[in-house]
Amino acid sequence: MIKDKRVAVIGALMDLGAICKGVDKGPFAVRKTGFIEKLRNCGFDITDKGDVAPHKPRTAGDTRMRYEKEINEANARLYIETMAAHGEGRIPVVVGGDHSVSAGSVSASLDVYKKIGIIWVDAHADFNDDKITPTGNIHGMPLSAVCGCGPDSLVSFSHKRADPKNVVIIGARSIDPLERIKLTENGVTVFSVDDILSLGIEKVVDKAISTAAKNTYGIHLSFDMDALDPEQAPGVGTPVPDGLSVGEAEYICNTVREKSRLVSVDVVETNPLLDRDGLTAELAAKLILCCLGAKES
Ligand SMILES: [Mn+2]
């Protein structure tokens, strides 16, 4: 249940963590679906905190962590906005933007609640760092950073880190070899699409919730649209075939809300320049409604 139906929406117009441009337009496209009005019609008390965008000029800098300075500066502001939402007793919903924005939003929830679990729904693990990254793109690093597994510079504005043993990735099917070793060494739980096929989505989500909720105050749900099958959600910069179905994605969002204490949400990586008929933006909006328990009439 979302307490008192109090929600804050924050747009994160970030594309510097990804290689494919256009993902900074994601929040515009998702807002255009009218999801905020739909939430209001369902009785939600929404405040729209507007958008956080990186400043200009922008210089790529170190090729092992491109645009580190610009991303950190914007994330420090996103962190403050997310903290403010918590301070108002609202559940923050961050709409991205590439996944680097989660270094800002998750850090805020960690600093507020001290101990939270994370369910990270993604085709990738986002557990790289500056030493093992094959690309230098920071959107492949935020989960590692918020777990205290590096790079620490990406979360320098915050204090608390997540325990990797309370972190679960669902839908992964493209993990770099060194990243996989690091996930195992740190005790992160990974459910691939194959695991969903063999165990069933119900069992996977059950285990994900019990792992993330164990000895924690609540759960942050971070949903990368590339977790979905690219046939259903084509508007993403790094599509990987054979992803989650829409039904499975909705099931994850609904069940995490129903069976745990959801403290914050990110829905990221919607890229309208790569989308087909606004399908991915519509789906992102739909998943936000599922996370919050808003029934469309
Ligand atoms: Mn991601």
Side-chain angles (χ1 to χ4, degrees), residues 12-24 26-27 30 65-67 71 74-75 78 93-107 118-130 132-147 149-151 154-155 162 164 167-176 179-180 182-183 188-193 208 212 220-230 232-244 248-249 252-253 264-271 274-275 280 283-284 287-288 291:
L13 313 190
M14 175 57 74
D15 66 343
L16 301 175
I19 200 74
C20 223
K21 296 310 164 200
V23 66
D24 56 329
V30 179
M65 266 214 274
R66 267 192 286 275
Y67 299 104
I71 289 170
N75 269 341
L78 179 60
V93 175
V94 172
V95 184
D98 74 62
H99 219 157
S100 68
V101 303
S102 297
S105 59
V106 177
S107 293
I118 301 171
I119 296 182
W120 195 270
V121 190
D122 201 319
H124 312 87
D126 298 353
F127 214 70
N128 274 304
D129 57 50
D130 51 325
I132 63 170
T133 174
T135 64
N137 296 328
I138 289 179
H139 75 154
M141 309 180 189
L143 185 56
S144 175
V146 299
C147 288
C149 300
L154 296 185
V155 285
V167 173
V168 183
I169 301 169
I170 301 178
R173 52 201 188 277
S174 173
I175 300 180
D176 302 313
E179 189 182 31
R180 187 175 289 282
K182 196 176 144 197
L183 286 163
V188 175
T189 303
V190 182
F191 291 112
S192 65
V193 170
H220 173 95
L221 179 64
S222 195
F223 205 108
D224 187 321
M225 292 305 288
D226 69 25
L228 284 152
D229 195 284
Q232 316 286 325
V236 296
T238 45
V240 187
D242 301 321
L244 302 180
E248 287 166 337
I252 293 168
C253 297
S264 41
V265 178
D266 309 313
V267 178
V268 300
E269 297 280 356
T270 302
N271 188 329
L274 304 170
D275 208 1
T280 312
L283 271 175
L287 293 178
I288 293 170
C291 287

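Numbering of ligands and ligand atoms starts at 1, following listing order. Note that the numbering runs from 1 along the sequence shown for the chain.
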message: Ignoring hydrogens and geometry beyond distance, is a side-chain donor-acceptor pair present between T280 and D275 at under 3.5 Å?
response: yes
message: I'd like to know if the Mn ion (ligand 1) has an N/O/S atom from D126 within less than 2.8 Å of it, counting both backbone and side-chain atoms.
response: yes
- prompt: Looking only at side chains, do H99 and S222 share a donor and an acceptor under 3.5 Å apart?
  reply: yes
message: Side chains of H124 and E179: any donor to acceptor distance under 3.5 Å?
response: no
- prompt: N137 versus D98: any side-chain heavy-atom pair under 4.5 Å?
  reply: no
query: Which N/O/S atom belongs to D224 and is the closest one to the Mn ion (ligand 1)?
result: OD2
query: Which angle, to the nearest 10 degrees, do you find at the Mn ion (ligand 1) between OD2 in D122 and ND1 in H99?
result: 90°
